[in-house]
Amino acid sequence: MDFVSSHGVIKAGSYNTLVVRGIARCEDGVTFTTLVVHGTVVMRQCSGGGIRCDSGVVVCHGDMTVHEVRGDGELHVGGALRCRRIDFTGVIRSRHGLICMTTMAMRGMIHSTGMVNAERMHIQGPLIADSVHARDIDIRPLHSALLTRHAKEYCETSRARVMTGSHVVARGLVCHSLVATCADLQENCRIRRVTYRTRLTRDSTTTVDLERRDDEAFAAHRRRA
């Protein structure tokens with residue numbers, strides 16, 4: 001069943017394509033193959049296929065489990081966000097962690113008070129999380145005078161207590177502990193401790209308080225992750 005909502009309440013049920021154009025609230029028990037958001041949709045829990053935002057806002061007070069998130073807008077999750085793929089421009093906030101099974105491609109801000117986990121992570125803009133784990137991590141700031149004046153949250157510094165990856169490229173990152181096979185740190189990274197296996201490169205603007213090449217320490221971190 002396909003359904004288009006301009007406003008009001010979306011009744012519980014299984015939908016093929018669910019389109020929200022205005023402001024709508026989902027009852028418990030709403031599932032979908034595809035949710036297309038042009039306006040704002042609010043729900044207590046979310047379970048479905050793909051979410052596609054077109055300058056849309058999704059507010060989920062609990063956990064969200066979907067196949068993919070794509071498009072542009074805002075995603076606010078009060079619980080944990082679990083998905084297979086992310087290709088998104090805007091803001092994603094997840095209070096209890098974010099798990100992406102394959103590729104996370106983000107232009108904007110990711111903010112989580114828990115863990116952010118992906119297979120491959122490519123982020124332009126600030127990433128703020130307690131811990132970050134991925135095989136490949138590439139974090140770069142957004143450079144724009146327009147953002148500096150009108151969207152300052154996109155210009156915040158990326159921060160993580162712990163970051164673990166195989167290949168890590170970071171620009172402008174503040175981190176307490178970084179564990180990687182190889183790491184490339186530039187543009188005013190400030191790292192308290194780096195443990196690496198094969199290679200560590202950094203430019204003159206980057207500060208590392210303690211660096212150590214240690215295969216055993218790296219393996220222990222990978223087992224715990």
Side-chain angles (χ1 to χ4, degrees), residues 20 23 34-43 46 48 50-61 63-161 163 165 168-175 185-189:
V20 176
I23 299 175
T34 303
L35 171 63
V36 182
V37 185
H38 301 283
T40 299
V41 60
V42 180
M43 58 193 74
C46 181
I51 294 178
R52 187 174 81 239
C53 288
D54 183 3
S55 298
V57 177
V58 179
V59 179
C60 178
H61 296 298
D63 293 338
M64 175 180 285
T65 303
V66 295
H67 181 75
E68 67 172 359
V69 176
R70 57 191 175 101
D72 62 279
E74 298 182 21
L75 201 66
H76 302 275
V77 182
L81 170 59
R82 301 178 182 89
C83 63
R84 183 166 182 79
R85 179 174 177 268
I86 294 175
D87 186 355
F88 199 74
T89 299
V91 175
I92 295 180
R93 298 180 185 273
S94 179
R95 185 173 183 182
H96 292 154
L98 193 165
I99 298 175
C100 180
M101 299 301 293
T102 60
T103 300
M104 178 189 301
M106 183 74 188
R107 297 155 297 278
M109 169 187 278
I110 290 182
H111 190 290
S112 174
T113 54
M115 176 181 66
V116 175
N117 195 329
E119 179 70 13
R120 295 173 297 276
M121 191 178 297
H122 307 283
I123 300 174
Q124 288 182 285
L127 167 64
I128 300 170
D130 178 69
S131 60
V132 178
H133 305 279
R135 188 189 68 190
D136 299 315
I137 301 174
D138 189 336
I139 302 173
R140 302 168 187 266
L142 284 169
H143 295 298
S144 169
L146 183 64
L147 290 175
T148 302
R149 290 194 300 270
H150 301 291
K152 293 183 178 180
E153 67 272 18
Y154 293 136
C155 301
E156 290 187 30
T157 300
S158 291
R159 297 176 180 273
R161 182 182 59 85
M163 181 174 290
V168 177
V169 176
R171 307 288 185 263
L173 170 69
V174 175
C175 182
L185 310 175
Q186 297 186 30
E187 296 186 27
N188 295 297
C189 286

Hits for side-chain contact (heavy atoms from CB on, under 4.5 Å) against H67, two or more places apart or cross-chain, chain-then-number order -> R84

Applying side-chain contact (heavy atoms from CB on, under 4.5 Å) to R120 and not counting sequence neighbours gives T102, T103, H122, R135, D136

Taken to the nearest 0.5 Å, the spacing of I92 CD1 from C83 SG works out to 7.5 Å

When rounded to the nearest 0.5 Å, the distance separating CZ of R161 from CE of M115 is 11.5 Å

Answer yes or no: does atom CZ of R52 have more than 12 heavy-atom neighbours from other residues, nucleotides or ligands under 6.0 Å? no

Tightest non-hydrogen contact, residues R171 and P141, listed as CB-CD, 3.4 Å

Correct closest heavy-atom pair for S94 and G79 would be OG-O, 3.3 Å

Query - T157 side chain reached by P126 side chain, heavy atoms, under 4.5 Å - result: no

Correct closest heavy-atom pair for C53 and V58 would be SG-CG2, 3.9 Å

Discussion item. Please determine whether a side-chain nitrogen of the Lys or Arg among R107 and D87 lies less than 4.0 Å from a carboxylate oxygen of the Asp or Glu.
Written reply: yes

When every non-hydrogen atom of T113 is compared with those of H96, the smallest separation belongs to OG1-N, 4.4 Å

d(E156 CD, I128 CD1) to nearest 0.5 Å is 4.0 Å

State, yes or no, whether a side-chain contact exists between I139 and V169 at a heavy-atom distance under 4.5 Å. no

ask   = Quick one: does M109's side chain get under 4.5 Å of R93's, heavy atoms only?
value = yes

Those residues at least two apart in sequence (or on a different chain) that pass salt bridge (Lys or Arg N to Asp or Glu O under 4.0 Å) with R140 are D138

Show, in sequence, the C-alpha distance, side-chain angles and deciding distance for D72 and S55, and conclude whether the side-chain hydrogen bond (donor to acceptor under 3.5 Å, both in side chains) test is met. CA-CA 5 Å; D72 62 279; S55 298; 3.2 Å; yes

Quick one, H76 and V57 - any side-chain contact, counting heavy atoms below 4.5 Å?
yes

So NE2 of H133 and CG of N117: to nearest 0.5 Å the spacing works out to 6.5 Å

Close side-chain approach of M106 to L127, heavy-atom, < 4.5 Å = no

Item checked: Any donor-acceptor N/O pair, N188 side chain to G172 backbone, under 3.5 Å -> no

In this structure, NE2 of H111 is separated from CG of L98 (nearest 0.5 Å) by 12.5 Å

task = Flag the pair L35 / V66 as yes when at least one side-chain heavy-atom distance between them is below 4.5 Å, and no otherwise.
result = no

Nearest heavy-atom approach of R85 to C100 is CA-SG, 3.8 Å

Show your working on side chain to side chain contact (heavy atoms under 4.5 Å, CB included) between C60 and M43 and close with a plain yes or no. CA-CA 5 Å; C60 178; M43 58 193 74; 3.9 Å; yes

Requested in this report: Report yes if some heavy atom in the side chain of L81 is under 4.5 Å from a heavy atom in the side chain of S112; otherwise report no.
Outcome: no

One should read off an interatomic distance between T40 OG1 and I23 CD1, to the nearest 0.5 angstrom, of 5.5 Å

